[in-house]
Amino acid sequence: IAEGECTVEVDGNVVPRPFGKMGSGQIFGELSVLYSGTRSATILTESESVILFRILGDTFKDILDPCRNVDYDLETMQEIDGVINE
């Protein structure tokens with residue numbers, strides 16, 4: 001989440017604070033990517049406008065891979081940064 005606030009729901013119920021509210025700098029969806037699972041929550045916008053950035057699952061896994069190529073990661077992070085700053 002780059003800007004704004006979101007609410008987290010599980011099974012149609014708002015999750016209590018502190019986990020039920022998300023804001024700038026927080027991420028969601030990572031567990032589904034890491035464990036190849038289905039989503040377990042719904043994220044709803046709370047503020048009038050929200051800016052989100054999306055990272056493809058394979059790219060996210062590559063960034064976290066401890067055996068990764070540092071040069072490749074730098075290029076990937078620069079590419080992500082370029083998309084974010086468009």
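Here the structure is a predicted model, which is why all the values come from computation and not from measurement. The first residue of the sequence shown is numbered 1, and numbering continues consecutively from there.
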Heavy atoms only: give me the nearest [X]-[Y] pair and the separation to one decimal.
| X | Y | answer |
| --- | --- | --- |
| S36 | K61 | OG-NZ, 3.8 Å |
| F19 | V8 | O-CG2, 3.5 Å |
| A2 | S24 | O-OG, 3.1 Å |
| F60 | I55 | N-CG2, 3.8 Å |

Review point. V33, L56: one ILVMFWY side-chain cluster at the under-4.5 Å cut-off?
Key: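 No, V33 and L56 fall in different hydrophobic clusters.
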
Check your understanding: Do the side chains of V10 and I1 join up, straight or via other hydrophobic residues, at under 4.5 Å, putting them in one cluster?
Key ->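 Yes; I1 is reachable from V10 via cluster members.
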
So, taking the atom named [atom1] in [X] and the one named [atom2] in [Y], what distance separates them when rounded to the nearest 0.5 Å?
| X | Y | atom1 | atom2 | answer |
| --- | --- | --- | --- | --- |
| E5 | Q26 | CD | CD | 9.5 Å |
| C6 | M22 | SG | CE | 7.0 Å |
| I27 | L52 | CD1 | CG | 12.5 Å |
| T38 | L31 | OG1 | CG | 11.5 Å |

Review point. Do E46 and T7 get their side chains close enough for a donor-acceptor pair, meaning under 3.5 Å?
Key: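 Yes, side-chain donor-acceptor contact under 3.5 Å.
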
